[in-house]
Undergrad: 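Quick one: this structure, given as structure tokens, is what I'll be asking you about.
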Amino acid sequence: MVRASALKPSSKFFMRKHRKWPVSPYNTRWHQIFNQNQAFQSLKKSSPPPENQPHLLLPTLVYSFSTYNVDPTPEAYHFVLKTLTKTSQFDHIAPVLRRLETVEKFDTPEHIFAHLIGFYGRWNRTQDAIDLFYRILRFRCVPSAHSLNALLYVLCGSCEGLKLVPEILLRSHVMGIRLEESSFRILIDALCAIGKVGYAIDIMNCMMNNGYGLNVKICSLILSSMCEQKDSEGVDVMGFLGEMQKLGFCPGMMDYSNVIRFMVKQGRGLDALNVVIKMKGEGIKPDVICYTMVLHGVITEGDFKKADQVFDELLVLGLVPDVYTYNVYINGLCKQNKVESGLMMISSMEELGCKPNLITYNILLKALCNNGELRRARELMREMTLNGVGVNLQTHRIMLDGLFGKGDIEEACVFMEEMLDKVLVRFCSSFDEVIYGLCHRGLACKAMELLKKMIDKNVAPGAKAWEALLLSSGSEPSLEETTWTGLVEPMVALP
DNA sequence: GTAGGGTTAG
């Protein structure tokens with residue numbers, strides 16, 4: 001057969017001129033569509049405000065189309081349903097669906113159901129969403145993964161919903177729906193989000209058994225979820241990675257940084273270093289973040305020689321260490337008791353245009369305090385303020401622990417009072433130490449004074465402070481009954 | 001199309 005469009009313009013003209021039966025201008029498909037459009041426009045124009053008169057929407061639809069003597073279109077129904085969902089008119093949805101199901105003859109487009117299922121989900125009406133899904137066939141609609149996915153999104157939003165998934169999947173099979181990659185993806189996402197990585201792997205395997213190829217994003221997601229497992233004992237990340245690589249997975253920078261972080265968290269710094277070696281072998285240049293994590297891991301393992309090698313290597317590769325890298329490195333120096341070298345790093349960093357931050361200073365302050373060099377610690381604290389780096393609770397705690405550790409209890413008390421006046425703090429175990437120390441030196445009165453101040457400032461004393469005070473109260477005649485009740489009452493109100 | 005991911009202490 002020759003299509004009209006394939007004919008020459010002159011022949012088309014000929015056919016129109018010599019048609020055997022003239023076509024009625026009122027009965028064409030074109031005319032019907034025109035009328036339906038007119039009816040739809042009139043529905044849109046005259047539709048009542050859904051907030052006040054939602055019950056009038058459906059009659060308006062029926063009226064608009066009957067005026068133009070045409071059947072209502074799926075778009076008109078979708079318009080009415082969208083209007084109702086926008087204003088959350090749950091009760092008025094059912095009659096519209098009923099008419100759509102029993103009166104209309106057209107095949108209802110699936111997207112109408114996907115939209116409604118999503119709407120029910122957003123309002124936690126899971127059962128409504130499920131019921132509608134089961135009803136889809138009755139609307140002369142062949143459901144696909146589109147509406148199934150809409151329902152899966154709803155179910156994956158809650159633990160109770162997730163439990164219903166197996167039943168829904170079986171039912172979908174009966175309904176003739178073919179699971180798509182996107183459906184598997186939704187399930188895997190949900191399982192990873194609740195930490196059920198084992199099940200997520202099962203689903204991925206099931207997906208590949210269904211003829212789908214390896215999906216890089218799903219692989220990465222499962223790998224990163226494995227790395228985030230709280231109970232990481234026995235989690236074989238490298239084993240999984242190897243298996244996936246055999247199947248053609250090419251891990252990227254983020255995959256490897258997840259693995260490195262996992263190793264370092266487990267205290268396996270040298271394994272993390274091996275990951276970097278593996279990366280280089282695969283032609284991926286690890287970035288400064290990977291190196292910083294590995295440096296941290298190696299230092300935690302106490303292998304300072306390796307740490308220096310790692311630091312040199314990153315420089316050779318042309319990577320620019322940033323404040324994180326320097327902090328890790330300086331921390332390593334301090335662990336080796338090379339505080340002077342650490343302090344010198346501050347100047348080198350500044351020369352290289354990398355400003356030391358609060359953490360840099362806290363690391364060095366702690367090292368100085370641990371060495372009993374309180375005077376230099378105070379100097380450094382002044383210096384950091386001058387450099388525009390603010391102190392935090394941790395800074396104060398380091399100083400207080402330093403003063404207390406050096407046995408300078410009087411200084412410690414002064415410092416603690418300063419903290420209570422200046423620093424917003426809810427709890428600080430160092431305060432307990434000071435109170436404990438005072439009690440053990442027979443200075444229970446001073447201890448009591450500080451405790452009162454703590455309670456005034458809404459700072460909760462810990463068990464150690466209370467215990468020390470109770471034990472020393474017997475030998476201290478100055479602690480009267482009223483003092484105790486005065487202390488205990490506000491304590492009850494503490495968080 | 002890109003970003004994401006890393007540091008003290010408790």
Side-chain angles (χ1 to χ4, degrees), chain A residues 189 192 216-217 219-221 223-228 237 251-269 272-273 275-276 279 284-301 307 310-311 313-314 317 319-336 339 342-343 345-346 349 354-371 377 380-381 384 389-402 404-405 419 423 425-433 459-460 462-464:
Chain A
D189 274 342
C192 286
V216 179
K217 279 192 176 164
C219 259
S220 289
L221 174 70
L223 186 69
S224 90
S225 305
M226 271 182 111
C227 293
E228 277 167 15
V237 168
M253 182 76 85
M254 277 312 285
D255 300 307
Y256 278 121
S257 25
N258 285 333
V259 175
I260 292 171
R261 186 172 358 96
F262 173 80
M263 300 289 186
V264 172
K265 259 194 206 149
Q266 282 195 326
R268 296 160 59 190
L273 182 56
V275 176
V276 158
M279 284 172 84
I284 301 175
K285 180 179 158 186
D287 64 7
V288 71
I289 296 179
C290 291
Y291 269 103
T292 304
M293 288 191 285
V294 168
L295 190 65
H296 180 208
V298 172
I299 285 170
T300 307
E301 286 210 48
V310 170
F311 197 79
E313 188 176 302
L314 79 91
L317 283 178
L319 296 170
V320 182
D322 60 12
V323 67
Y324 288 86
T325 324
Y326 284 117
N327 286 347
V328 169
Y329 189 71
I330 291 173
N331 195 33
L333 289 173
C334 292
K335 280 192 172 170
Q336 297 169 78
V339 190
L343 287 166
M345 288 292 290
I346 288 193
M349 281 171 76
C354 175
K355 268 179 75 98
N357 66 9
L358 174 63
I359 294 172
T360 323
Y361 283 106
N362 280 353
I363 292 168
L364 286 162
L365 282 173
K366 187 162 174 85
L368 285 171
C369 287
N370 282 344
N371 281 356
L380 189 64
M381 198 172 150
M384 70 190 276
V389 179
V391 297
N392 67 355
L393 174 61
Q394 181 64 14
T395 319
H396 283 105
R397 200 146 54 189
I398 291 165
M399 294 301 289
L400 185 57
D401 290 345
F404 184 76
M419 277 176 77
V423 188
V425 41
R426 300 296 293 270
F427 174 81
C428 176
S429 59
S430 309
F431 290 165
D432 288 3
E433 295 299 329
V459 182
K464 194 167 183 179

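Every heavy atom of this structure was used, including side-chain atoms; hydrogens, water molecules and symmetry mates were not. Here is how names work: the chains are called A, B, and so on, in the same order as the sequence lines, proteins then strands, and each is numbered from 1. In this text, all values refer to a predicted model and were calculated from it rather than measured experimentally.
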Undergrad: What nucleotide, of B:dG5, B:dG6, B:dT8, holds the atom closest to the side chain of A:M253?
TA: B:dG5
Undergrad: In whole Å, I'd like the distance from the CZ atom of A:F311 to the P atom of B:dT7.
TA: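 The distance from CZ of A:F311 to P of B:dT7 comes to 16 Å, rounded to the nearest Å.
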Undergrad: Take the protein atom CD1 of A:I398 and the nucleotide atom C1' of B:dT8, then report the distance between them rounded to whole Å.
TA: 7 Å
Undergrad: Report the nucleotide, chosen from B:dT7, B:dG6, B:dA9, that has the shortest atom-to-atom distance to any side-chain atom of A:I359.
TA: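 Nucleotide nearest to A:I359's side chain: B:dT7.
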Undergrad: Of all the choices, B:dA9, B:dT7, B:dG6, which nucleotide is nearest to the side chain of A:T292 once you look at every atom?
TA: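 The answer is B:dG6, which lies nearest to the side chain.
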Undergrad: Any chance you could encode DNA chain B as dot-bracket? Rule is Watson-Crick or G-U wobble with both distances under 3.5 Å; [ ] for pairs crossing earlier ones, | for another strand.
TA: ..........
Undergrad: Which residues pass the salt bridge (charged side-chain N to carboxylate O under 4.0 Å, His left out) test with A:D189, not counting sequence neighbours?
TA: A:R185
Undergrad: Can you tell me how far P of B:dG5 sits from CD1 of A:I284, to the nearest Å?
TA: 19 Å
Undergrad: Output the rounded distance in Å from CG (A:D432) to P (B:dG10).
TA: 15 Å
Undergrad: With rounding to the nearest 0.5 Å, note down the distance linking CG in A:N258 to CE in A:M226.
TA: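 Going from CG on A:N258 over to CE on A:M226, the span is 12.0 Å.
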Undergrad: Within the structure shown, what part of the strands sits under 4.0 Å from A:M254 by heavy-atom distance: base, sugar-phosphate, or nothing?
TA: base
Undergrad: Categorize A:D287 for me: base, sugar-phosphate, or nothing, with a 4.0 angstrom heavy-atom threshold over every strand shown.
TA: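 Base contact.
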Undergrad: Give a yes or no answer on whether the side chain of A:T325 reaches the backbone of A:D322 with a donor-acceptor pair at less than 3.5 Å.
TA: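 Between the backbone of A:D322 and the side chain of A:T325 there is a qualifying donor-acceptor contact (under 3.5 Å).
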Undergrad: Starting at atom CG of A:L364, determine the distance to atom P of B:dA9, rounded to an integer number of angstrom.
TA: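 Atom CG in A:L364 sits about 12 Å away from atom P in B:dA9.
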Undergrad: May I ask you to decide if A:G297's main-chain N or O and A:E301's side chain share a donor-acceptor pair within less than 3.5 Å?
TA: no
Undergrad: Does the A:K285 side chain pair with the main chain of A:L317, one donor and one acceptor, at a distance under 3.5 Å?
TA: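 A pair under 3.5 Å: yes.
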Undergrad: Strictly by modelled atom types, are A:S429 and A:D432 linked by a side-chain donor-acceptor pair under 3.5 Å?
TA: no
Undergrad: Once you round it to whole Å, what is the distance between C1' of B:dG4 and OH of A:Y324?
TA: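 Interatomic distance, OH of A:Y324 to C1' of B:dG4: 13 Å.
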Undergrad: Please determine which of A:L295, A:T292, A:V276 meets the side-chain contact (heavy atoms from CB on, under 4.5 Å) test together with A:V310.
TA: A:L295
Undergrad: At less than 3.5 Å, do the side-chain atoms of A:T325 and the base atoms of B:dG6 form a donor-acceptor pair?
TA: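 Checked by distance alone, the answer is yes.
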Undergrad: Using a heavy-atom cut-off of under 4.0 Å over every strand shown, decide if A:N362 touches base, sugar-phosphate, or nothing.
TA: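 Base: the residue A:N362, judged by heavy atoms under 4.0 Å, touches a nucleobase.
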Undergrad: From the set B:dT7, B:dG6, B:dA9, return the single nucleotide nearest to any side-chain atom of A:Q394.
TA: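 Looking only at side-chain atoms, A:Q394 lies closest to B:dA9.
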Undergrad: Provide, to the nearest angstrom, the distance between the CG atom belonging to A:N357 and the C1' atom belonging to B:dA9.
TA: 14 Å
Undergrad: For the pair made of CG in A:L400 and P in B:dG10, what is the distance, rounded to whole Å?
TA: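 Going from A:L400 (CG) to B:dG10 (P), I get 14 Å.
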Undergrad: Determine the contact category for A:I363: base if any of its heavy atoms lies under 4.0 Å from a base atom, sugar-phosphate if only primed atoms, P, OP1 or OP2 are that close, otherwise nothing.
TA: sugar-phosphate
